[in-house]
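Below is a structure I'd like to ask you about.
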Amino acid sequence: PEWLEWLNDLDISKEQSEFIFNLSLTLLILMALGILFNELRRLPWSRARQAQQRHGAEGTGAEGESIPEWASIRQLPPREQAAALLLHLLRLMQERGVLPEPRARTARECVERIGSALPDERTAFAQVADAADRGLFGPEQTTAPDEKVFAEAEGLRQRLSEEKR
């Protein structure tokens with residue numbers, strides 16, 4: 001092709017041109033392998049394994065953050081109480097197989113998924129998820145969830161624990 005004519009004008013030896021060709025080919029193969037590795041890393045089975053490694057210990061949340069014990073949730077700052085309730089319920093749902101990877105979903109997506117898998121529990125879970133959203137994304141002076149949210153969460157937790165056995 002005409003656009004490669006400038007290569008003929010270069011004054012390089014055969015060994016140098018072979019070296020440049022081999023180097024270019026090696027770089028191209030390394031880039032292709034890098035792209036392939038990155039795409040394989042993003043596959044669902046790989047993400048589940050990575051999440052398991054990252055959150056392997058029971059009672060761990062995102063980025064190694066621990067989920068407080070159920071009994072100590074009321075001692076948390078008001079903004080964090082409903083979110084801790086939600087994390088406990090999500091972990092139970094994950095253990096039960098209702099939510100394979102809850103951290104990859106929003107609270108609303110979890111409500112929809114649980115609503116289709118466990119229709120009787122949708123309302124209770126939605127109340128906890130709404131309280132968690134208000135606590136996490138509401139104004140700074142957010143108060144603790146009301147007793148109804150705690151009661152719904154406790155009832156849901158007990159029903160899930162019983163069904164798990």
Side-chain angles (χ1 to χ4, degrees), residues 26-165:
T26 302
L27 289 175
L28 181 66
I29 290 171
L30 286 175
M31 287 189 327
L33 288 174
I35 291 170
L36 181 66
F37 174 75
N38 191 43
E39 292 302 314
L40 287 175
R41 194 173 50 89
R42 293 174 177 245
L43 289 175
W45 58 266
S46 179
R47 275 186 274 142
R49 183 176 41 80
Q50 288 173 352
Q52 225 174 19
Q53 290 171 348
R54 197 170 43 244
H55 311 301
E58 185 174 336
T60 6
E63 301 301 320
E65 152 194 337
S66 67
I67 299 173
E69 293 299 318
W70 186 265
S72 66
I73 288 178
R74 291 183 188 261
Q75 281 75 46
L76 291 173
R79 292 180 64 85
E80 298 173 17
Q81 290 178 4
L85 290 172
L86 182 65
L87 285 174
H88 273 281
L89 294 176
L90 288 174
R91 187 175 66 207
L92 277 173
M93 297 286 182
Q94 185 177 19
E95 290 171 358
R96 187 156 179 245
V98 176
L99 290 173
E101 196 176 335
R103 299 219 177 275
R105 304 185 196 310
T106 65
R108 193 65 31 222
E109 290 171 330
C110 290
V111 168
E112 294 306 315
R113 178 90 182 239
I114 289 164
S116 62
L118 305 168
D120 297 340
E121 307 297 355
R122 185 184 195 287
T123 304
F125 188 79
Q127 288 181 347
V128 177
D130 289 342
D133 279 347
R134 283 191 305 275
L136 292 172
F137 305 112
E140 285 295 318
Q141 63 277 11
T142 300
T143 60
D146 59 22
E147 286 304 312
K148 185 177 180 184
V149 172
F150 276 103
E152 290 288 351
E154 177 61 31
L156 183 55
R157 182 178 79 96
Q158 288 176 352
R159 288 189 297 276
L160 289 171
S161 296
E162 290 169 3
E163 291 177 20
K164 197 174 94 171
R165 292 178 195 161

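Because only heavy atoms are used, hydrogens play no part in the values below, and waters and symmetry mates are left out as well, while side chains stay in.
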(request) Report the distance from atom CG of Leu30 to atom CZ of Phe37, rounding to the nearest 0.5 Å. (result)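 Here the interatomic distance stands at 13.5 Å.
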(request) List the atom of Leu76, the atom of Ala84, and the distance in Å for their closest heavy-atom pair. (result)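 Nearest pair, atom of Leu76 first, then Ala84: CD1-CB, 3.6 Å.
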(request) Quick one: closest heavy-atom pair of Val111 and Ala129, and the distance? (result)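 So the minimum-distance heavy-atom pair works out to CG2-CB, 3.7 Å.
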(message) Counting C-beta onward and ignoring hydrogens, is there a side-chain heavy-atom pair between Thr123 and Glu152 closer than 4.5 Å?
(response)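 No, every pair of side-chain atoms sits at 4.5 Å or beyond.
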(message) Using 0.5 Å steps for rounding, measure from the CD atom of Glu109 to the CZ atom of Arg113.
(response)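 These two atoms lie 10.5 Å from each other.
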(message) To the closest 0.5 Å, what do you measure between CD (Gln158) and CG (Leu92)?
(response)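 The CD atom of Gln158 sits 11.0 Å away from the CG atom of Leu92.
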(request) Could you walk me through whether Arg157 and Glu95 pass salt bridge (Lys or Arg N to Asp or Glu O under 4.0 Å), step by step? (result) CA-CA 12 Å; Arg157 182 178 79 96; Glu95 290 171 358; over 6 Å; no
(request) Kindly compute the distance separating CD (Glu154) from CG (Leu89), expressed to the nearest 0.5 Å. (result)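 Rounded to the nearest 0.5 Å, the CD-CG separation comes to 9.5 Å.
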(request) Search all heavy atoms of Ala131 against all heavy atoms of Val149 and return the closest pair with its distance. (result)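 Smallest heavy-atom distance, with atoms named: CB-CG1, 3.9 Å.
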(message) So which atom in Val128 and which in Ala153 form the shortest heavy-atom distance, rounded to 0.1 Å?
(response)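 Between these two residues, the closest heavy atoms are CG2-CB, 3.7 Å.
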(message) To the nearest 0.5 Å, what is the distance between CG on Leu85 and CD on Gln127?
(response)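 Nearest 0.5 Å value for the CG-CD distance: 12.0 Å.
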(message) Do Arg134 and Asp130 have side chains that approach each other closer than 4.5 Å (heavy atoms only, starting at C-beta)?
(response)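 Counting from C-beta outward, Arg134 and Asp130 do come under 4.5 Å.
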(request) Might you point out which heavy atoms bring Arg74 and Gln81 nearest each other, and give the distance in Å? (result)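 In terms of heavy atoms, the two residues are closest at O-NE2, 3.1 Å.
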(request) Could you grab the distance from atom CD of Glu80 to atom CD of Gln75, nearest 0.5 Å is fine? (result)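 Going from the CD atom of Glu80 to the CD atom of Gln75 covers 12.5 Å.
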(request) Answer yes or no: is there a side-chain heavy-atom contact under 4.5 Å between Ile73 and His88? (result)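 Yes; the side chains approach each other to less than 4.5 Å.
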